[in-house]
K.L.:
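Take this structure first; my questions come after.
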Amino acid sequence: MTDDTGDDAGDDSGGDAPDDDATPDPDSSDDDLSLDRFHEALEAEERPVATASEVARRLGTTQAAARDALAALVDRGDVDRLDVEADPVVFYPRDWGALASRERVVAFPKRREIVVDRPTQYTRARLSQFAQLVDTTGTEPGTRGYLYRIRQEDVWAAPFDDAGALVDALRSVLPRRFEHLEEWVRDQWRRAHRFRLYTHADGYVVLEAASENLMGNVADQHLDDDHLRAPISDTEAWVNEDAVAAVKRALYDAGYPVEDDRDLETGDPVEIDLTTDLREYQATWVETFLDRKSGVYVGPPGSGKTVAAIATIAGVGGETLILVPSRELADQWREELLDHSTIDPADVGLYHGGTKDVRPVTIATYQIAGMDRHRSLFDSREWGLICFDEVHHVTAPVYSRTAEFQSRHRLGLSATPVSETGSEEDVYTLIGQPIGADWDSLFEAGFVQEPEVEIRYVPWRDETARNEYAAADGRERRRLAAENPAKVEEIRYLLAAHREKKALVFVEYLDHGDAIADALEAPFISGETPHHERAELFRRFRAEDSSTDGTDGDGLDVLVVSRVGDEGIDLPNAELAVVASGLGGSRRQGSQRAGRTMRPTGSALVYVLATRGSSEEEFAQRQMRHLGRKGVRVRETNVAE
Ligand SMILES: Nc1ncnc2c1ncn2[C@@H]1O[C@H](COP(=O)(O)OP(=O)(O)OP(=O)(O)O)[C@@H](O)[C@H]1O
């Protein structure tokens with residue numbers, strides 16, 4: 001198959017250096033440097049960043065003069081600087097758009113894939129509305145390649161008023177028109193707007209089809225007898241209240257996702273106002289949700305989904321049930337609610353293994369919510385909103401209950417794209433469509449710290465260890481590679497090299513955790529650690545250390561954690577993560593661990609240790625490729641024997 005590749009979008013203007021607007025300004029000093037001349041220097045260097053000495057060389061001035069001139073541009077806000085430890089400072093234009101001529105877009109319409117080199121913010125923001133970022137390549141800032149794929153679900157969920165606007169968006173990023181691709185997009189769009197649920201003036205739910213034929217053929221064929229009560233017209237039918245979820249699921253499976261325009265219950269009112277100003281993208285998430293009445297906020301860890309969810313609770317304004325995967329997260333949710341809103345603490349209840357307190361806003365664990373004997377939780381109040389934190393943790397019993405609660409607003413939160421949750425159809429039909437931002441733009445805007453990820457290949461400590469591995473098989477082999485004793489030395493070295501950073505060390509096996517914790521004289525938190533002890537250790541980890549703030553605190557700098565630390569626990573000052581073992585885990589686990597360090601402040605470093613010459617090498621690469629797809633850069637280093 002020859003791919004129908006498009007032309008280069010704009011390289012022809014690549015050599016088109018901006019005009020030098022240089023009628024010399026009599027008042028300006030010799031070290032004045034226009035932004036255009038800085039661009040020229042970059043063009044000449046053929047790199048998106050340059051050091052002061054490179055600029056000096058290109059412009060024929062001294063390094064000191066170039067440094068002063070660049071400092072002036074930085075002061076004016078035109079240029080940013082990046083201080084790379086052990087490397088010279090580099091400068092780059094704040095407005096990357098000025099280098100837009102370097103963007104290159106190639107479409108593969110048959111595969112519905114789009115490859116973009118050095119995309120501008122505009123292109124990325126546009127593409128993320130109707131395509132998924134599936135891979136990134138290259139490591140230099142500004143020179144990375146991005147691979148997007150347009151799937152039917154992406155078109156179904158695209159935030160446009162009509163197909164024309166969607167096709168316009170598609171055309172605005174592609175180098176030329178691709179008739180077949182546009183046709184396919186229109187067709188998918190049409191499919192997602194053929195069936196609609198709405199609330200009749202008399203209160204019951206109606207399924208409306210765009211044509212008699214659709215009602216007669218598609219709906220009749222795919223729906224069960226008890227889904228619909230009675231026809232109302234050739235294109236409308238009265239839906240059995242209990243069957244709303246089933247109707248949505250059946251038509252989704254048939255390739256006709258249903259638009260849901262029903263009036264939903266808002267629940268008994270609850271007094272709550274947000275006290276934190278939302279960031280622009282958060283405000284957009286909340287607006288979109290309130291408009292659609294259901295949806296899933298998808299953003300990297302630390303991107304402010306919880307805060308946006310609190311704004312949503314205030315927006316809906318009714319009693320809310322929040323479901324979370326663990327008790328620790330329940331406690332954390334309560335604190336965030338109190339921190340970011342005016343809610344009366346007496347209105348917030350916790351419902352889990354430790355306490356069962358139903359209040360206007362109640363936070364419960366999935367485990368309890370899924371138990372039959374706690375069924376009443378769902379019926380005990382007029383919940384207007386049910387919020388599902390970490391949606392990929394929703395269990396089958398909770399889904400089946402959710403199916404009964406289709407008349408409430410439903411909000412999911414996820415750091416994992418819905419397409420990777422393993423239950424995409426359930427999430428889409430029972431909770432809602434994804435609402436999200438392009439991860440990269442959040443990294444770039446500085447709202448979330450992009451982690452620096454490095455895979456470090458650690459040699460075996462000695463021949464004996466290597467031979468033992470070679471002689472073992474199966475699980476034992478995996479364990480030996482995981483517990484390679486040379487890793488302890490490597491962890492010590494990494495912690496010493498970043499003494500000022502709070503560090504989390506992740507392990508897979510309890511024995512390994514104990515051994516590392518002993519060697520580092522640090523506490524180890526595993527599933528066996530009682531909840532109150534976990535909470536206390538996490539609190540101490542969050543606290544300032546006595547050695548750094550001069551107070552008599554009981555802060556901790558290092559925590560060794562097993563899978564319990566994998567997600568959701570907010571450890572805002574974890575700036576360094578070492579993944580010591582756990583390379584047999586899922587792709588999701590890899591990105592969650594890295595995610596633990598993605599926080600708005602501080603630097604974020606993730607080291608993944610893999611034993612050289614073992615299956616861990618491949619596991620590490622596979623897990624980290626997953627992060628690469630999200631736009632995170634991954635480096636690899638061989639540790640010397
Ligand atoms: N609009 C905002 N203004 C100021 N700080 C914010 C805002 N939104 C979020 N934050 C802060 O950023 C941090 C991360 O926010 P939040 O916990 O909502 O992220 P999250 O996406 O839910 O993270 P996770 O996936 O880890 O649960 C928190 O410390 C929070 O207080």
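Both counts, for ligands and for their atoms, begin at 1 and track the order of listing.
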K.L.:
With nothing but distance in play, are any N or O atoms of T276 less than 3.5 Å from an N or O of ligand 1?
P.N.:
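No - when backbone and side-chain N and O of T276 are compared with those of ligand 1, no distance drops under 3.5 Å.
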K.L.:
Taking D273's backbone N and O only, do any of them form a donor-acceptor pair with T342's side chain (distance below 3.5 Å, no angle check)?
P.N.:
yes
K.L.:
Is there a polar contact between ligand 1 and E390, counting only N or O atoms under 3.5 Å apart?
P.N.:
no
K.L.:
Which of the atoms in ligand 1, numbered in the order shown and given with their element, are less than 4.0 Å from a heavy-atom of D277?
P.N.:
1 (N), 2 (C), 3 (N)
K.L.:
Between the side chains of R334 and D331, is the shortest nitrogen-to-carboxylate-oxygen separation below 4.0 Å, so that they form an ion pair?
P.N.:
no
K.L.:
Checking T637 against Y607: is there a side-chain donor and acceptor pair closer than 3.5 Å?
P.N.:
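Looking only at side-chain atoms, T637 and Y607 do not form any donor-acceptor pair under 3.5 Å.
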K.L.:
Could you check whether any heavy atom of G299 sits closer than 4.0 Å to an atom of ligand 1, since that is the contact criterion I want to use?
P.N.:
no
K.L.:
Show me which atoms of ligand 1 lie under 4.0 Å from any heavy atom of H340.
P.N.:
31 (O)
K.L.:
Show which atoms of ligand 1 fall inside a sub-4.0 Å distance from at least one heavy-atom site of V307.
P.N.:
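Listed by number with element: 8 (N), 9 (C), 18 (O).
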K.L.:
If you measure from atom 8 (N) of ligand 1 to every heavy atom of K305, E336, Q282, Q332, which option wins on shortest distance?
P.N.:
Q282
K.L.:
Show the atom names and distances, to 0.1 Å, of all donor-acceptor pairs under 3.5 Å that link a side chain in residues 349-357 to residues at least two apart or in another chain.
P.N.:
residue, atom, partner, partner atom, Å
Y351, OH, H374, ND1, 2.8
H352, ND1, G354, N, 3.0
K356, NZ, H352, O, 3.0
D357, OD1, R359, NE, 3.2
D357, OD1, R359, NH2, 3.4
D357, OD2, R359, NH2, 3.0

K.L.:
Does the K248 side chain pair with the main chain of P257, one donor and one acceptor, at a distance under 3.5 Å?
P.N.:
no
K.L.:
Would you find a donor on one side and an acceptor on the other, under 3.5 Å apart, between the side chain of T362 and the backbone of V358?
P.N.:
no
